[in-house]
Each structure stands twice: as C-alpha cells, then as structure tokens.
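What follows is a set of notes on a single structure, which appears directly below.
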Amino acid sequence: MKIGIGYDVHKLTQGRKLILGGVKIPYDLGLDGHSDADVLTHAISDAILGAAKLGDIGKHFPDTDPQFKDANSLKLLEHVVGLVNNKYKIIDIDSVIVAQAPKLSAYREQMEKNLSKIVNTTVGVKATTTEGTGPEGRGETISAQAVCILEEKC
C-alpha cells in the first residue's frame with residue numbers, strides 16, 4: 001500500500017466561477033488560477049500523484065503551459081488516474097475543503113459523485129471553516145487537502 005497527501009489553495013477573486021469537485025457553486029467570487037482553480041480536484045490529483053511517487057500537478061500541468069489555461073480540473077484528474085491505473089488501484093480518497101463561505105453542504109454529494117466516477121472508488125468530501133482565522137477565515141482563499149491510498153496491482 002502507498003499513501004499520498006495533496007494540498008491546494010487559491011485566492012478568491014471577482015470575475016471567476018467557483019468550481020469545487022467539478023461543481024459550479026453559486027457565489028459572487030471565484031478562485032483565481034491558470035486552470036479552473038478547482039482546489040479540491042487539484043488536492044486529490046496531488047494525493048494520487050504523491051502516493052505513486054510521480055511528482056505533483058505542477059510537474060504534469062505547469063501553469064506556464066497555455067494548453068492548461070482555464071482547463072477543466074476533472075479532465076486533469078482523469079489524466080492523473082490514467083498515469084497510475086496500470087500499476088495501482090485507488091483504494092480510498094478522503095478530502096476536506098477549508099472555506100469560511102460559501103456553505104458547501106448542499107453540493108457535497110455531487111462533488112463526491114463527480115470525483116468517485118473518475119477515480120473508480122468512493123471519495124469522501126468534507127468541508128470546514130477556520131472560525132474566521134487565517135486567509136480562509138477572512139474570505140481571501142479557499143484551500144483543500146486530500147489523502148489517497150493506492151494498492152499495487154498484482
């Protein structure tokens with residue numbers, strides 16, 4: 001068994017859509033980034049890559065490469081899963097989104113469905129606040145963390 005951890009954070013900004021786990025969340029701010037800035041999907045991708053010892057998403061999808069401008073992070077996750085699929089089976093993924101606002105509970109089930117379909121196992125998605133502390137608590141950023149367990153295929 002192999003375990004990996006992933007983390008991502010992006011600034012909230014005007015003029016961008018807020019996408020988490022492939023779900024468009026109605027909100028007056030979105031996440032700033034080269035791709036769609038889906039921090040949840042990025043953290044999960046990093047956790048998978050880390051468990052397989054294949055680097056991070058920056059290595060595979062550099063923000064200096066114009067082909068990834070406004071890229072759909074679910075498509076990037078599909079690519080990551082393809083990288084590990086021959087050698088590993090994804091056993092489990094758990095994740096947490098850290099955001100003071102908006103409230104995310106109404107969107108969690110769809111996020112889990114979107115992500116689970118791609119990785120072919122159940123993905124747990126949780127959300128929490130920082131009780132008004134730090135950049136997430138001040139509404140400046142949203143971050144996500146994820147862990148992944150891989151098992152080598154025989």
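From a predicted model like this one, the values you see are computed outputs, not experimental measurements.
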Dump the intermediate steps for side chain to side chain contact (heavy atoms under 4.5 Å, CB included) on E140 and V9, then the final yes or no. CA-CA 10 Å; E140 299 168 4; V9 61; over 6 Å; no
Donor-acceptor check, side chain of E151 to backbone of K89, threshold 3.5 angstrom: yes or no? no
Check this for me: does any side-chain nitrogen of one of R108 and E112 sit under 4.0 Å from a carboxylate oxygen of the other? no
Backbone N or O of I91 within a donor-acceptor pair of the T121 side chain at under 3.5 Å? yes
Within the distance-only criterion (no hydrogens, no angle test), does the side chain of D46 pair as donor or acceptor with the backbone N or O of I57 below 3.5 angstrom? yes
Where the side chain of D32 meets the backbone of K11, is there a donor-acceptor pair that is under 3.5 Å apart? no
Keeping S95 on the side-chain end and G124 on the backbone end, is there a donor-acceptor pair under 3.5 Å? yes
Taking H34 for the side chain and A71 for the main chain, is one N or O donor matched with an acceptor at less than 3.5 Å? no
Main chain of D36, side chain of K17: is a donor-acceptor contact present, judged purely on distance under 3.5 Å? no
If hydrophobic clusters are built by linking Ile, Leu, Val, Met, Phe, Trp and Tyr wherever their side-chain heavy atoms come under 4.5 Å apart, do I118 and L83 end up in the same one? yes
Assess whether side chain to side chain contact (heavy atoms under 4.5 Å, CB included) is satisfied between V81 and L77, documenting all intermediate values. CA-CA 6 Å; V81 170; L77 178 60; 4.3 Å; yes
Quick check: does any side chain N or O of D38 sit under 3.5 Å from a backbone N or O of G22, one acting as donor and the other as acceptor? yes
Looking only at atom types and distance, does a side-chain atom of S116 sit under 3.5 Å from a main-chain N or O of V123, one as donor and one as acceptor? yes
Working for side chain to side chain contact (heavy atoms under 4.5 Å, CB included), residues L20 and M111: CA-CA 7 Å; L20 296 168; M111 290 180 214; 4.1 Å; yes
Applying side chain to side chain contact (heavy atoms under 4.5 Å, CB included) to R138 and T130, what does each step give before you reach the verdict? CA-CA 9 Å; R138 291 188 299 268; T130 60; over 6 Å; no
Enclosure of D28 CG (heavy-atom neighbours >12, cutoff 6.0 Å): yes
Out of I25, L29, V23, which one pairs with L18 under the side chain to side chain contact (heavy atoms under 4.5 Å, CB included) rule? I25
Verify the neighbour count for atom NZ of K69: are there more than 12 heavy atoms of other residues, nucleotides or ligands below 6.0 Å? yes
Would you confirm whether S35, through its side chain, and S73, through its main-chain N or O, come within 3.5 Å as a donor-acceptor pair? no
Can you confirm whether more than 12 heavy atoms, excluding those of E78, are under 6.0 Å from its CD atom? yes
